Amino acid sequence: MINDYNLTGFAAYIAGMLGDTFSSYEACAIAGATTGDILKFLPQAFQLGTEVAVITAGVNDLPTTSAACVATIANLKSIIDFAASKARFVYVNEIFPDILATPAIVRNLALVSEAIKKYCATKKNVRFVSSFDKLIAPNAYVIGSGAGGRPGAYQADNLHLKPFGAYWAGKGIADAIAKDYAIEPGDRGTVATWDSTLQLGSLNLNPTLRGTAGAVPGTGITGTAPDSWSLNRAGSTQLCTTAFVAAADGGIDFWTMDVSGATAGDYNELSQSVPLPAGVAVGDYVQFACETVVLTTSGAGLNIFNVYAVTNGNLQSAYLLQTSQNVANFTTEAPVLHHRSEPMEILPGVTSFAMRVRAGAAGASAGTGKVGIRKFRFEKCAAPVYA
């Protein structure tokens with residue numbers, strides 16, 4: 001299960017764009033793993049029932065010869081065959097651009113991808129997906145040795161993705177899955193709060209962030225906070241303007257935070273603290289759901305964008321959204337993300353919980369960013385079924 005949606009990983013975007021279509025996501029990866037390494041631990045990834053498998057492999061093989069290409073192709077075919085026998089559908093990424101590699105290695109990786117594309121076409125439940133052209137600069141004809149990466153897509157090492165690149169890497173997979181599955185949107189319109197008799201409703205107040213009567217005690221803030229929520233500034237230079245903004249997808253408006261002028265590490269926080277309500281006790285299961293969007297960024301963008309919940313000051317916690325890299329380069333291309341945490345059992349000692357959204361500009365590099373949120377819901381749920 002993924003309940004830590006790190007925006008530098010494309011799995012976060014796949015999960016966010018698919019919303020409630022699937023109930024759980026599991027990321028199985030080892031840093032630096034080659035296709036040979038993946039074959040060794042592959043059975044572990046399929047110990048539980050699997051509806052969909054996504055394969056992203058091959059870039060770490062770095063084949064320097066035709067013989068090495070043959071070995072990588074053979075390994076990938078074995079990985080695909082195993083996954084296709086375990087999952088209903090398998091989606092195979094074209095090998096991502098390695099703009100740190102030499103042009104010769106990039107050429108060989110392209111040959112491997114060509115072979116795998118043809119192999120996928122022979123399988124009824126396997127789809128070949130490419131995000132390659134979204135990760136290199138428009139009209140770039142040379143990649144390798146750091147040349148040709150799409151601006152904002154890669155980290156300084158020219159190998160790992162930034163949030164902008166992770167979005168493009170995930171979008172191709174999400175779009176392909178949408179052709180095979182009816183995508184179920186999140187419950188945007190749910191405003192019902194907890195009823196202990198019916199055992200239904202959001203455990204926190206005002207989960208869709210409507211109204212303007214929330215507390216705004218801090219300086220540097222222009223605008224209002226939603227009813228039952230508080231907005232505060234951490235640090236002395238952060239500026240924040242709030243507003244309701246119409247949603248491009250036709251859903252209810254987003255409550256937005258437009259942040260700028262911060263010292264690195266400063267942020268504004270929207271929060272709400274709620275006692276554990278009647279009818280929810282130790283041993284019950286709960287989960288968090290949120291619906292967010294990055295509307296615009298400029299410069300270095302956002303240094304902080306977190307959505308999370310904690311109980312009794314970190315006795316239990318779940319990050320629904322976070323980033324370890326600046327969220328930048330987003331203008332109109334950011335998707336609306338629908339995220340849901342894994343079910344969590346309430347531990348002894350839990351008596352309250354706090355919901356928090358943090359946004360902070362990358363002030364040291366003159367960054368700004370505007371984010372929106374229109375659902376932040378804490379709800380009771382069934383115990384997880386791992387079968």
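Worth saying up front: this structure is predicted, and the values here are computed from it rather than measured.
- With sequence neighbours left out, the salt bridge (charged side-chain N to carboxylate O under 4.0 Å, His left out) criterion links Lys380 to Asp284.
- Formation of a donor-acceptor pair under 3.5 Å by the Thr21 side chain with backbone atoms of Glu184 is found in this model.
- Residues Ser78 and Asp81 bring no donor and acceptor atom of their side chains to less than 3.5 Å of each other.
- Following chains of ILVMFWY side-chain contacts shorter than 4.5 Å, one cannot reach Ile173 starting from Ile79, and the two form parts of different hydrophobic clusters.
- Inter-residue side-chain proximity for Val350 and Val282 is flagged as unmet; no heavy-atom pair is nearer than 4.5 Å.
- Nearest heavy-atom pair across Phe164 and Asn329 is CE1-O, 3.3 Å.
- When side chains are defined from C-beta on, Leu270 counts as touching Pro226, because their heavy atoms get closer than 4.5 Å.
- Cluster membership for Val126 and Val52, using ILVMFWY side-chain heavy atoms within less than 4.5 angstrom, is not shared.
- Other residues, nucleotides and ligands contribute over 12 non-hydrogen atoms within 6.0 Å of the CD atom of Glu333.
- Looking at every heavy atom in both residues, Phe41 comes nearest to Ala33 through CE2-CB, 4.3 Å.
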Q | Step-by-step side-chain contact (heavy atoms from CB on, under 4.5 Å) determination, Lys370 to Val245 | A | CA-CA 11 Å; Lys370 186 174 184 177; Val245 173; 3.8 Å; yes
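- Judged by distance alone, the side chain of His339 and the main-chain N or O of Thr292 form no donor-acceptor pair under 3.5 Å.
- When Val59, Leu62, Asp61 are each tested for a side chain to side chain contact (heavy atoms under 4.5 Å, CB included) with Thr72, only one passes: Asp61.
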**Q.** side-chain hydrogen bond (donor to acceptor under 3.5 Å, both in side chains) between Glu379 and Gln287, worked out
**A.** CA-CA 6 Å; Glu379 58 195 23; Gln287 61 185 2; 2.9 Å; yes
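- A 4.5 Å side-chain heavy-atom check between Thr212 and Phe244 finds at least one atom pair inside the cut-off.
- In this structure, Pro163 and Thr323 approach most closely via the heavy-atom pair CG-OG1, 3.7 Å.
- One N or O on the side chain of Asp227 and one on the backbone of Ala213 form a donor-acceptor pair closer than 3.5 Å.
- Counting only distance, with no hydrogens or angles, the side chain of Trp255 and the backbone of Gly211 share no donor-acceptor pair below 3.5 Å.
- For the pair Arg127 (side chain) and Lys124 (backbone), a donor-acceptor distance under 3.5 Å is present.
- With rounding to the nearest 0.5 angstrom, the OG1 atom of Thr222 is 10.0 Å from the CG atom of Asp258.
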Q | Check against side-chain contact (heavy atoms from CB on, under 4.5 Å), Thr219 and Arg233 | A | CA-CA 7 Å; Thr219 58; Arg233 179 173 69 165; 2.9 Å; yes
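- Here the closest heavy-atom approach between residue Leu76 and residue Ala57 is recorded as CD2-CB, 3.8 Å.
- Contact of the Val92 side chain with the Tyr119 side chain is not registered, since no non-hydrogen atoms from C-beta on lie closer than 4.5 Å.
- Hydrophobic clustering, with ILVMFWY side chains joined whenever heavy atoms are under 4.5 angstrom apart, groups Ile30 together with Leu42.
- Within the 4.5 Å cutoff, no side-chain heavy atoms of Lys162 are placed close to those of Asn326.
- With values rounded to the nearest 0.5 angstrom, His338 atom NE2 is found 10.0 Å from Ile183 atom CD1.
- A donor-acceptor contact shorter than 3.5 Å is absent between the side chain of Trp229 and the backbone of Met355.
- Arg377 places no side-chain N or O within donor-acceptor distance of the main-chain N or O of Lys375, the cut-off being under 3.5 Å.
- The distance from the CG atom of Leu109 to the CD1 atom of Ile95 is 5.0 Å, given to the nearest 0.5 Å.
- Ring orientation note: the planes of Tyr91 and Phe89 are tilted relative to one another, at an angle of 30° to 60°.
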Q: Check the pair Met17, Asp175 against side-chain contact (heavy atoms from CB on, under 4.5 Å), reporting the backbone distance first and the verdict last.
A: CA-CA 9 Å; Met17 286 185 277; Asp175 288 348; 5.6 Å; no
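- Taking 4.5 Å as the limit, some side-chain heavy atom of Arg210 sits within range of a side-chain heavy atom of Arg374.
- Separating the NZ atom in Lys171 from the NZ atom in Lys134 is a distance of 7.0 Å, to the nearest 0.5 Å.
- Within the 3.5 Å criterion, the main-chain N or O of Phe376 finds a donor-acceptor partner in the side chain of Asn204.
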Q | Worked verdict on Arg358 versus Asn268 for side-chain contact (heavy atoms from CB on, under 4.5 Å) | A | CA-CA 6 Å; Arg358 289 179 176 175; Asn268 278 272; over 6 Å; no
Q | side-chain hydrogen bond (donor to acceptor under 3.5 Å, both in side chains) between Thr35 and Asn75, intermediate numbers included | A | CA-CA 6 Å; Thr35 55; Asn75 287 342; 3.0 Å; yes
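- Distance check: Leu161 CG to Tyr167 OH gives 14.0 Å after rounding to the nearest 0.5 Å.
- With Val259 as reference, Leu302 is the one residue of Thr242, Val371, Leu302, Asn303 to meet the side chain to side chain contact (heavy atoms under 4.5 Å, CB included) rule.
- Applying the ring-ring contact (aromatic ring centres under 6.0 Å, His included) criterion to Tyr154, with sequence neighbours excluded, gives no partner residue.
- In the hydrophobic cluster analysis, where Ile, Leu, Val, Met, Phe, Trp and Tyr join through side-chain heavy atoms closer than 4.5 angstrom, Ile14 is grouped together with Tyr181.
- Atom OG of Ser131 and atom CG of Asn93 lie 5.5 Å apart (nearest 0.5 Å).
- At a cut-off of 3.5 Å, with distance as the only test, no side-chain donor of Tyr267 or Asn306 sits close to an acceptor on the other residue.
- Considering every non-hydrogen atom in both Cys240 and Leu231, the closest pair reads SG-CD2, 4.5 Å.
- Residues Trp194 and Val280 have side chains in contact (heavy-atom distance under 4.5 Å, counting atoms from C-beta outward).
- Relative orientation of the Phe46 and Phe82 rings is perpendicular, given thresholds of 30° and 60° on the angle between their planes.
- You'll find the side chain of His160 stays beyond 4.5 Å of the side chain of Thr8, heavy atoms only.
- Between Leu205 and Thr193, the closest heavy-atom pair is CA-CG2, 4.3 Å.
- Of the possible polar contacts, one joining the Thr102 side chain to the Ile105 backbone as a donor-acceptor pair under 3.5 Å is found.
- You'll find the ring centres of Phe96 and Phe10 inside the 6.0 Å limit.
- Clustering ILVMFWY residues whenever any of their side-chain heavy atoms sit less than 4.5 angstrom apart, transitively, puts Ile346 in the very cluster that holds Leu203.
- Using modelled atom types, one side-chain atom of Thr65 and one backbone atom of Ala68 make a donor-acceptor pair closer than 3.5 Å.
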